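Below: the structure, in structure tokens.
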Amino acid sequence: MEISRPRGTRDFLSDEMKQRKYVENTFRRVFENYGYGEIKTPIFEDLTLFTMKSGEAIKEEIYHFKDKGERDLALRPELTAPVSRLYLNELQRSPKPIKMYYFGSCFRYERPQAGRFRQFWQFGCELIGGKSPEAEAEVIAMAAHCLNEIGLTDYEFHIGNLGIIRSLLNDAKIPADEQGQIMGLVDKGDVEELENLLNNMDISGSLKEILLKLIEIKGHNEVIGEVRSIIKKCEGAFKALDDLEDLLNHLETFGFTNYIVNLGIARGLDYYSGMVFEIYVHGLGAQKQISGGGTYNLIEIFGGEPVESTGFAFGFDRVMEALKKQNAEIPVEGHVDVFVAPLSSNMRKDSFKIVQDLRRDGISADVDLARKKVKKLLSYADHLGVKYAVLVGARDIEDGKVTLKNMESGNQELIGLDNLAMKLHDELGID
RNA sequence: GCGAAUAUAGCUCAACGGUAGAGUAUAAGAUUGUGGUUCUUAGAGUUGCAGGUUCAAAUCCUGCUAUUCGCCCCA
């Protein structure tokens with residue numbers, strides 16, 4: 001019986017892994033250039049970690065199980081909660097701000113479709129204890145920097161601030177559960193349903209009007225003035241708007257201005273407190289969001305002292321999809337640079353010695369292991385995409401020489417074994 | 001969790017009720033130690049799985065599984 005992959009999972013072959021590695025390494029470089037240090041947390045955690053954050057209902061879409069010690073555990077569905085736990089366990093007394101980044105797979109029991117899998121990868125970061133518009137600006141600039149570095153250009157970067165609408169609702173003494181319903185529809189962008197909902201609630205006509213106007217607003221920093229004129233004497237909302245304006249001004253300084261202010265971003269989750277952002281790439285179907293994040297106060301939920309944090313994550317698989325959609329050039333190198341080919345069967349042992357010498361000299365090299373004929377060997381070397389073939393023949397080896405063949409030009413020369421490694425170092429540009 | 005489409009060789013697809021084929025990839029060969037082109041040959045499929053209708057099923061029907069597209073949710 002043939003055993004197949006579990007639903008919603010994927011196998012990655014080496015060509016695809018090369019592309020993923022390239023993007024992964026690029027992101028790593030950028031994050032580290034911004035002063036972030038990599039952390040790793042367990043693949044599974046106490047189930048409570050996630051239910052505390054997202055409510056009991058989250059169990060529906062989590063892989064969770066009891067271990068042999070009757071502990072309730074869960075495969076992590078995201079990484080913000082584990083990182084917050086790590087902070088509480090290890091880093092509460094460290095100097096702030098703390099900059100951490102992570103890359104790892106997460107698991108959700110959901111129905112798979114394009115861009116949505118049961119095992120997927122997130123690349124993200126948390127900046128803990130540095131709440132300020134400039135901290136937020138730096139995080140946003142870094143996210144954009146990452147996309148820039150991998151050559152992804154066709155995206156929309158939406159920035160909002162939950163404080164504005166939340167303050168308005170709080171001032172009007174709207175109960176928490178009703179606020180949740182409202183924010184849910186705001187996030188969905190379902191204006192019609194939202195209007196229905198507001199009509200059924202005990203909400204003044206003017207507030208209703210303000211809300212409906214606010215969520216429609218999209219644009220660059222010029223919309224700040226527009227928003228200010230709409231909000232009527234709500235101190236909290238003005239404060240949040242000032243923060244947003246401050247953030248946008250800082251973004252200019254950090255060199256990123258390709259954003260869209262969008263107050264319709266709600267990000268569903270309650271713990272987001274201020275700035276929120278989402279990045280979309282069109283043409284990816286329903287799963288067009290490649291990244292999301294914002295400023296939150298999650299640590300308090302887990303019982304720590306209040307610390308404002310800002311974080312975001314890239315949906316790594318969706319970033320890869322977006323790159324493919326955009327036909328972005330992903331630099332991919334061949335497996336090896338050199339192939340060592342014995343020209344007759346009694347030259348095999350010499351070939352093995354030669355290939356090992358090359359490898360010890362730091363040259364990536366492969367050798368015939370399938371006892372193929374010379375023609376097939378060169379054909380195979382061609383398939384590997386090597387730059388050079390070393391042809392080991394009995395006549396040459398007597399003089400301590402081999403033939404070095406440039407696979408691209410077809411030129412070949414006789415070269416002493418003593419000089420082979422040095423010559424290849426020069427030709428391949430290896431230090 | 002709900003609705004819809006699809007499932008044939010490693011890959012891309014054909015056959016549309018009457019013996020499963022092509023392209024491509026793979027392997028071997030075209031006389032001694034030379035590739036990317038060409039030619040010859042070969043292997044490769046219980047047609048996703050399990051039932052049903054029929055003299056006869058890849059083809060029609062049902063269920064299951066998987067993938068894809070929406071809804072939902074998110075990354």
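All values derive from a computational prediction rather than experimental measurement. So that the names make sense, note that chain A is the first sequence line, chain B the second, and so on, each numbered from 1.
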Between [X] and [Y], what is the ring plane arrangement, given parallel below 30°, perpendicular above 60°, and tilted in between?
X	Y	result
A:Phe312	A:Phe31	tilted
A:Tyr259	A:Phe256	tilted
A:Tyr101	A:Phe123	parallel

Candidates [options] - which lies nearest the side chain of [X]:
X	options	result
A:Glu110	B:A75, B:C71, B:G33	B:A75
A:Val374	B:U34, B:A27, B:G35	B:U34
A:Arg318	B:A75, B:U34, B:G3	B:A75
A:Arg116	B:A27, B:A75, B:U67	B:A75

Touch class at under 4.0 angstrom, heavy-atom based, for [X] against every strand present:
X	value
A:Gln289	sugar-phosphate
A:Thr403	base
A:Ala381	nothing
A:Gly115	base
A:Gly8	sugar-phosphate
A:Asp317	nothing
A:Ile290	sugar-phosphate
A:Ala389	nothing
A:Met347	nothing
A:Phe339	nothing
A:Arg111	base

For nucleotides 29-32 of chain B, tabulate all protein N/O to nucleotide N/O atom pairs closer than 3.5 Å, reporting atom names and distance.
from, atom 1, to, atom 2, distance (Å)
B:G29, OP1, A:Lys373, NZ, 3.2

Could you say whether the aromatic ring of A:Phe120 and the base of B:A75 stack, counting only centre distances under 5.5 Å and plane angles under 30°?
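A stacking contact exists, since A:Phe120 sits close and nearly parallel to the base ring of B:A75.
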A:Arg111 bridged to A:Glu61 by N-O distance under 4.0 Å:
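Salt bridge between A:Arg111 and A:Glu61, a charged N being under 4.0 Å from a carboxylate O: no.
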Under a 4.0 Å threshold between the charged nitrogen and the carboxylate oxygen, would A:Glu38 count as salt-bridged to A:Arg28?
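So A:Arg28 pairs with A:Glu38 through a salt bridge.
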So what is the 5' to 3' dot-bracket string for RNA chain B, if pairs are Watson-Crick or G-U wobble with both distances under 3.5 Å, crossing pairs use [ ] and | means the partner sits on another strand?
(((((((..((((....[..)))).(((((.......))))).....(((((..]....))))))))))))....
To the nearest angstrom, how far is A:Lys288 atom NZ from B:C71 atom C1'?
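The answer, rounded to whole Å, is 15 Å.
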Length of the line joining A:Leu384:CG and B:U26:P, which is rounded to integer Å:
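Checked: the CG to P distance equals 12 Å.
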Closest approach of A:Arg359 and A:Asp366, non-hydrogen atoms and distance?
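Answer, listing the atom of A:Arg359 first, then A:Asp366: NH2-CA, 3.8 Å.
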What pair of heavy atoms forms the shortest contact from A:Ile62 to A:Ala74, and how long is it?
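Reported closest heavy-atom pair: CG2-CB, 3.6 Å.
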Quick one: is the NZ or CZ of A:Lys405 closer than 6.0 Å to the six-membered ring centre of A:Tyr388, and within 45° of its axis?
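No, A:Lys405 does not lie over the aromatic ring of A:Tyr388.
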Do A:Arg76's NZ or CZ and the ring of A:Phe50 fall within the cation-pi criteria of under 6.0 Å and 45°?
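No.
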For the [atom1] atoms, the ones on [N] and on [M], what distance do you get once it is rounded to whole angstrom?
N	M	atom1	value
B:G43	B:G23	P	15 Å
B:A14	B:U62	P	23 Å
B:C60	B:G1	P	28 Å

Taking only the side-chain nitrogens and oxygens of A:Arg5, find out if one of them lies under 4.0 Å from OP1 or OP2 of B:A66.
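So the side-chain polar atoms of A:Arg5 never come under 4.0 Å of the phosphate oxygens OP1 or OP2 of B:A66.
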Which residue, A:His383 or A:Arg395, contacts RNA chain B at a nucleotide closer to its 5' end, judged by nearest heavy atom?
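Closest to the 5' end, via its nearest nucleotide, is A:His383.
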Donor-acceptor contact below 3.5 Å, side chain A:Arg318 vs main chain A:Gln289
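Yes; judged by distance alone, with no hydrogens or angles, the pair exists.
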Report yes if a donor N or O on one partner sits less than 3.5 Å from an acceptor N or O on the other, where the partners are the side chain of A:Gln412 and the base of B:U34; otherwise report no.
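Answer yes: a donor N or O sits under 3.5 Å from an acceptor.
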Which residue in the set A:Phe103, A:Phe12, A:Trp121 passes ring-ring contact (aromatic ring centres under 6.0 Å, His included) when paired with A:Phe316?
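It is A:Phe103; the other options fail the test.
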